[in-house]
Amino acid sequence: MYGPVGLPWQDLALSLLAWREAGRRGVGTEIDFLAGP
């Protein structure tokens, strides 16, 4: 659940923790948004 309150750096810090935990657990899908079609 996302609540758009606080500062942007708080959102970035939380997303980094979630990304690392997903990698540790081996779940999720990485998407390269800079890759061409």
Side-chain angles (χ1 to χ4, degrees):
M1 180 176 199
Y2 175 75
V5 295
L7 300 173
W9 64 267
Q10 292 171 323
D11 296 337
L12 289 172
L14 184 58
S15 64
L16 177 61
L17 291 174
W19 177 72
R20 284 182 177 168
E21 183 63 18
R24 187 182 73 78
R25 294 183 184 199
V27 297
T29 302
E30 285 195 33
I31 301 172
D32 185 357
F33 289 105
L34 299 178

Donor-acceptor contacts under 3.5 Å from residues 13-21 side chains, at least two apart:
residue, atom, partner, partner atom, Å
Ser15, OG, Asp11, O, 3.2
Ser15, OG, Leu12, O, 2.9
Glu21, OE1, Arg24, NE, 3.1
Glu21, OE2, Arg24, NE, 3.3
Glu21, OE2, Arg24, NH2, 2.6
Glu21, OE2, Arg25, NE, 2.7
Glu21, OE2, Arg25, NH2, 3.3

- Item | Other cluster members, Ile31 - Ile/Leu/Val/Met/Phe/Trp/Tyr, side-chain contacts below 4.5 Å | Phe33

- Apart from Leu7 itself, its cluster of hydrophobic side chains linked below 4.5 Å comprises Trp9

- Message: Suppose the criterion is side chain to side chain donor-acceptor pair (under 3.5 Å): which pairs have a residue in residues 26-37, not counting sequence neighbours?
- Response: none

